[in-house]
Amino acid sequence: PLSGTINRSEVESGIFYRKKTLTPVHFVRGMNLVWRLSPLHNSSFGQFVSMQEFQKIFESKSLIRFPDCDPFNHLNNSRYIDYFINAREDHLLQFHHFDIYRLAREKGISWVVSKNEIAYLKPAFLMETVWIQTVIIKLDEKSIMVEMRMWNEGKSVLKAFMWTQFVHFNLKTQKPE
């Protein structure tokens, strides 16, 4: 939960120095804002961004590789999850400058998957280039729901989509926060 006192001028200025523990990404109820740690400062600094900014759709290309395919040259159903999660990690780093591994190393906190729901619509084939999009569709004090979509290279055929719920997790206590 949110700790410390934040006044309106601190929110409006966009920069806030936290005196107590504040999760790296934190929804501020009633203000339609999200707290995000700043990659330019030490972990005590961050900024508030609007939910609209935070909910942008990010995308990247990926090539379907041989070790990930079944004997029919289709992407194996279990490997879709890996492609989706890898793309999400890349998007966090590339577009939000948010390194989840550094956060885990330095602060002992992260997110873990609590639920996946996936729909396989069309097969992805060996050596096919696909687009993977990710977007936050729900955010609250304890969890984040991310939607991930896999498209063909022309973005005309949706091959699969997945909803993943992540819960904020303390690696030191091995408990959700």
Query raised in the report: Do the side chains of Asn116 and Tyr80 get nearer than 4.5 Å, heavy atoms only?
Result: no

**Report entry** Arg149 side chain near Val135 side chain, heavy-atom distance below 4.5 Å
**Finding:** yes

Query raised in the report: Can you find a heavy atom in the side chain of Tyr83 that is under 4.5 Å from one in the side chain of Arg65?
Result: yes

Query raised in the report: Is there a path from Phe58 to Leu93 through hydrophobic residues (I, L, V, M, F, W, Y) whose side chains come within less than 4.5 Å of each other?
Result: no

Report task. Quick one: pull up CD in Gln165 and CE in Met145 and give me the separation to the nearest 0.5 Å. Result -> 4.5 Å

Requested in this report: Give a yes or no on whether Trp111 and Leu92 share a hydrophobic cluster (residues Ile, Leu, Val, Met, Phe, Trp, Tyr; joining criterion: side-chain heavy atoms under 4.5 Å apart).
Outcome: yes

Report task. Is it possible for you to say whether Met127 and Ile64 belong to one hydrophobic cluster, with membership spreading through side-chain heavy-atom contacts below 4.5 Å? Result -> no

Query raised in the report: Going from OG on Ser60 to CD on Gln133, what distance comes out if it is rounded to the nearest 0.5 angstrom?
Result: 9.5 Å

Query raised in the report: Backbone N or O of Val146 within a donor-acceptor pair of the Thr164 side chain at under 3.5 Å?
Result: no

Query raised in the report: What closest approach, in Å, do Leu75 and Asp68 show between heavy atoms, and which atom pair accounts for it?
Result: CD1-O, 3.4 Å

Query raised in the report: What is the distance from atom CD1 of Ile81 to atom CE of Met148, rounded to the nearest 0.5 Å?
Result: 9.5 Å

Query raised in the report: Is the side chain of Gln94 donor-acceptor paired with the backbone N or O of His91 at a distance under 3.5 Å, no angle test?
Result: no

Query raised in the report: Does the Asn170 side chain pair with the main chain of Glu177, one donor and one acceptor, at a distance under 3.5 Å?
Result: no

Query - Gln174 vs Phe169 side-chain heavy atoms within contact, under 4.5 Å - result: yes

Requested in this report: With the side chain counted from C-beta on, respond yes when Phe125 and His74 share a heavy-atom pair under 4.5 Å apart, and no when they do not.
Outcome: yes

Query - Flag if over 12 foreign heavy atoms under 6.0 Å of NZ, Lys155 - result: yes

Query raised in the report: Mind checking whether Met162 and Val113 sit in one hydrophobic cluster, side chains of I, L, V, M, F, W, Y counted as touching below 4.5 Å?
Result: yes

Report task. Find out whether Val112 and Val167 are in side-chain contact, i.e. whether some heavy atom of one side chain is under 4.5 Å from a heavy atom of the other. Result -> yes

**Report entry** Donor-acceptor under 3.5 Å (Asp82 side chain, Ile85 main chain)
**Finding:** no

Query raised in the report: When rounded to the nearest 0.5 angstrom, what is the spacing between CG in Asn77 and OH in Tyr120?
Result: 4.5 Å

Query raised in the report: Any sub-3.5 Å donor-acceptor pair from Trp151's side-chain atoms to Leu158's backbone N or O?
Result: no

Query raised in the report: Closest approach of Ala124 and Val130, non-hydrogen atoms and distance?
Result: CB-CG1, 4.5 Å

Query raised in the report: Less than 4.5 Å apart, any side-chain heavy atom of Lys61 and any of Glu153?
Result: yes

**Report entry** Co-membership, hydrophobic cluster, residues Phe72 and Met150, 4.5 Å side-chain
**Finding:** no

**Report entry** Crowding at CH2, Trp131 (>12 non-hydrogen neighbours, <6.0 Å)
**Finding:** yes

Query raised in the report: Hey, does Arg88 have a side-chain heavy atom less than 4.5 Å from the side chain of Ile136?
Result: yes

Requested in this report: Report the C-alpha distance between Phe84 and Thr134 in whole Å, list the side-chain angles of each, state the deciding distance to 0.1 Å, and finish with yes or no for side-chain contact (heavy atoms from CB on, under 4.5 Å).
Outcome: CA-CA 8 Å; Phe84 282 135; Thr134 65; 6.0 Å; no

